[in-house]
Amino acid sequence: MKLVILGGVAAGAKAAAKAGRLLPDAQIDIYTDDTHVSYSACGLPYYIEGNFENYEILLVRSPEEFKAQGINVHLQHRAIKILPESKQILIFNIVEEKGFLIEYDKLIIAIGASPVIQQINNINLKNIFTLRKIEDGIAVKEKVLRSKNAVIVGGGYIGVELLEAFVQQGLRTTLIEYAPHIMPMFDDDISKIIKNQLTEHSNSQYEILTSEIISEFSGDMDGVRSVRTTSGLDIQTDLVMLCTGAKPNVEIAMDAGIAIGETGAIKVNEKMETNIPDIYACGDCAEETLVINNTKIWMPLGSIANKEGRCAAMNACGFEDIFPGVLASAVTRCLDLTMSLTGLTEKNARKHGFKPVSATVTKNDKVGYMPDVNNITLKLVADSESGLLLGAQAVGTGDADKRINVFASALLGKLTVEEFLAHDLTYAPPFSPTIDPLLNAAQILASKIKKTL
Ligand SMILES: Cc1cc2nc3c(=O)[nH]c(=O)nc-3n(C[C@H](O)[C@H](O)[C@H](O)COP(=O)(O)OP(=O)(O)OC[C@H]3O[C@@H](n4cnc5c(N)ncnc54)[C@H](O)[C@@H]3O)c2cc1C
């Protein structure tokens with residue numbers, strides 16, 4: 001069996017490794033236009049921050065390790081065209097600048113996503129970066145170590161992670177977000193708390209500007225020098241990070257007649273099959289099903305890409321497997337603040353046609369007399385008509401992450417608030433108050449629902 005995998009970071013690398021174990025005699029080839037294979041893009045902000053010196057720590061498996069498993073990795077080879085009728089792919093060797101055709105029995109597309117770059121005046125100046133690949137991380141870190149000031153455009157996950165990285169590297173940093181709130185995947189009230197908590201401790205080393213639109217970059221031969229906004233700000237800087245989102249790479253799939261879903265990513269079923277026989281898609285180029293209400297969603301996350309890569313490999317190799325979908329669970333950190341969520345926010349629940357009700361509590365994450373006690377704010381969302389749990393958000397300097405994971409299990413189990421209240425959660429002073437904040441919030445939610453019934 002000839003298995004071809006396009007792309008080899010998270011989904012592609014996982015699919016290859018799994019397929020190699022399932023079918024050791026198969027011919028498995030990874031074609032990627034990248035200079036590296038099988039790496040943790042998620043670790044790049046921490047490399048820039050200086051948590052470790054050598055970026056090679058981020059490389060999970062080398063081409064040589066794949067080779068030892070019988071898997072051929074072709075770096076700097078871009079797939080140009082997929083020909084499903086003849087089961088061929090046109091590949092372009094970037095180094096030798098020549099194209100050639102290869103054949104496949106089964107094809108897994110794992111070509112990921114690319115940064116969204118807005119059309120802003122002088123966007124092509126030197127030292128204006130995006131962060132996606134290993135080379136990006138190396139280039140950004142080199143510049144960071146020679147800089148004093150930085151501007152980050154975009155206050156989503158990567159923007160806030162880089163805010164931490166730059167601040168820890170001693171840069172005076174300005175984060176600019178065009179929306180009224182940073183971390184807009186949270187409800188507005190929670191985003192406000194995030195901004196307030198982050199700016200409380202900024203000590204003038206960094207600033208977060210919201211509702212601020214960039215009009216142009218200016219600079220010279222040496223690179224960007226300043227960032228101008230429509231409100232008249234002119235911020236001097238040595239470098240700019242564009243963290244304005246990502247979009248799925250779907251062009252070659254579309255061109256081959258592979259169906260694109262309503263989210264703009266490749267449409268797949270729960271076996272990661274596309275509409276074309278023997279072609280699978282997984283990771284950031286494919287869309288997901290939100291298990292709460294079986295609607296389509298695009299969640300470009302490493303956690304999901306790995307699971308989908310495994311599922312695609314299982315099915316491509318003839319072993320049936322199902323990827324049931326996602327809850328959109330995510331977590332990140334900026335300085336000492338943890339931000340985590342799962343399921344639907346209140347605003348999204350409304351968009352999905354639910355009648356949401358919510359409860360928000362701010363509590364200690366452990367008993368108040370413990371020396372390392374910290375705060376967390378928890379917001380739980382449920383459907384006011386059925387009592388069904390819909391989502392949870394947590395922010396704070398305390399343990400805001402594991403509690404969201406508990407809630408994610410409840411969402412998967414499709415529990416109601418009343419059912420959730422029966423959870424027997426652990427307690428000891430170093431870990432939680434006597435009654436966990438999750439149960440406090442659920443109790444308030446249950447009372448609110450009773451009133452609405
Ligand atoms: C800075 C950063 C931090 C992140 N942090 C987190 C985190 O903390 N938690 C989390 O869950 N997720 C995180 N993510 C997201 C996570 O990294 C991605 O979801 C994951 O890398 C997706 O893997 P993938 O294999 O689907 O796609 P990609 O990582 O995009 O890899 C696709 C590969 O395919 C190659 N390719 C594209 N087109 C072609 C073509 N035509 N032919 C051949 N090759 C092609 C690309 O060059 C690339 O190497 C982060 C991402 C970034 C950038």
Side-chain angles (χ1 to χ4, degrees), residues 40-55 57-58 115-118 120 122-123 125-179 181-184 191 194-210 212 214 217-219 222-229 233-246 331-339 395 397:
S40 166
C42 314
L44 288 171
Y46 305 100
Y47 166 65
I48 294 166
E49 180 168 334
N51 285 316
F52 43 91
E53 284 309 310
N54 191 342
Y55 74 86
I57 284 182
L58 300 174
V116 170
I117 299 178
Q118 289 162 356
I120 301 173
N122 300 324
I123 192 122
L125 279 169
K126 244 174 81 182
N127 303 325
I128 299 182
F129 301 96
T130 56
L131 183 63
R132 182 87 204 169
K133 300 188 182 188
I134 292 286
E135 294 99 313
D136 303 332
I138 295 171
V140 172
K141 184 158 186 184
E142 271 175 21
K143 182 63 190 162
V144 163
L145 295 179
R146 291 183 285 112
S147 297
K148 289 198 166 63
N149 300 295
V151 168
I152 297 169
V153 185
Y157 290 111
I158 298 178
V160 299
E161 286 174 11
L162 285 173
L163 177 64
E164 168 179 311
F166 290 177
V167 167
Q168 299 294 18
Q169 288 285 14
L171 270 64
R172 167 91 183 83
T173 307
T174 309
L175 186 149
I176 302 177
E177 166 62 54
Y178 88 99
H181 301 286
I182 57 166
M183 297 301 281
S191 296
I194 293 173
K195 185 179 170 189
N196 288 344
Q197 291 216 12
L198 284 177
T199 40
E200 241 171 48
H201 305 290
S202 76
N203 292 333
S204 320
Q205 203 199 331
Y206 62 92
E207 199 176 5
I208 297 173
L209 307 175
T210 45
E212 202 59 71
I214 293 174
F217 300 111
S218 71
D222 291 332
V224 66
R225 292 278 179 218
S226 84
V227 178
R228 295 191 182 130
T229 70
L233 294 176
D234 189 355
I235 304 159
Q236 304 304 300
T237 191
D238 304 312
L239 76 120
V240 171
M241 282 304 315
L242 300 175
C243 306
T244 43
V331 63
T332 193
R333 182 188 78 185
C334 183
L335 299 160
D336 59 356
L337 191 72
T338 301
M339 297 154 262
V395 296
T397 47

Of all pairs that satisfy side chain to side chain donor-acceptor pair (under 3.5 Å), the ones with a partner from residues 45-55, not counting sequence neighbours: none

Residue pairs involving residues 161-179 (criterion side chain to side chain donor-acceptor pair (under 3.5 Å); sequence neighbours excluded): Glu161-Thr332, Glu164-Arg333

Test side chain to side chain contact (heavy atoms under 4.5 Å, CB included) applied to Phe129 and Asp136, step by step: CA-CA 7 Å; Phe129 301 96; Asp136 303 332; over 6 Å; no

Residue among Ile208, Val153, Val151 satisfying side-chain contact (heavy atoms from CB on, under 4.5 Å) with Leu175: Ile208

Smallest separation among heavy atoms of Ala165 and Pro45, with atom names: CB-O, 3.5 Å

Audit row: Leu44, Ile134, side chain to side chain contact (heavy atoms under 4.5 Å, CB included) steps and yes/no: CA-CA 7 Å; Leu44 288 171; Ile134 292 286; 4.2 Å; yes

Candidate pair Leu239 and Leu171, rule side chain to side chain contact (heavy atoms under 4.5 Å, CB included), full reasoning: CA-CA 10 Å; Leu239 76 120; Leu171 270 64; 3.9 Å; yes

Working for side chain to side chain contact (heavy atoms under 4.5 Å, CB included), residues His181 and Thr210: CA-CA 6 Å; His181 301 286; Thr210 45; 5.6 Å; no

Closest non-hydrogen atom pair between Asn127 and Gly223, with its separation: ND2-CA, 4.2 Å

Least distance between heavy atoms, Met241 atom then Thr130 atom: CE-C, 3.9 Å

Validation row: Tyr206, Ile152 side chains within 4.5 angstrom (heavy atoms): no

Residue pair Leu125 / Ser218: nearest heavy atoms and the distance that separates them: CD1-C, 3.6 Å

Spacing of OG1 belonging to Thr397 relative to CD belonging to Gln197, to within rounding of 0.5 Å: 6.0 Å

Separation between CZ of Phe217 and CD1 of Ile235, rounded to the nearest 0.5 Å: 10.0 Å

Polar side chain donor-acceptor pair, Glu212 to Thr229, under 3.5 angstrom: yes

CG on Asn122 to CZ on Arg228, rounded to 0.5 Å: 9.0 Å

Rounded distance [0.5 Å steps], CD1 in Ile182 versus OG1 in Thr199: 8.0 Å

Asp238 side chain vs Asn149 backbone, donor-acceptor pair below 3.5 Å: yes

From Glu142 atom CD to Ile48 atom CD1, the distance as rounded to the nearest 0.5 Å: 11.0 Å

Contact summary for Phe52 and Gly43, nearest pair of heavy atoms: CZ-O, 3.8 Å

CG-CD1 distance between Leu242 and Ile158, expressed to the nearest 0.5 angstrom: 11.5 Å

Residue pair Gln236 / Ser226: nearest heavy atoms and the distance that separates them: NE2-CB, 3.7 Å

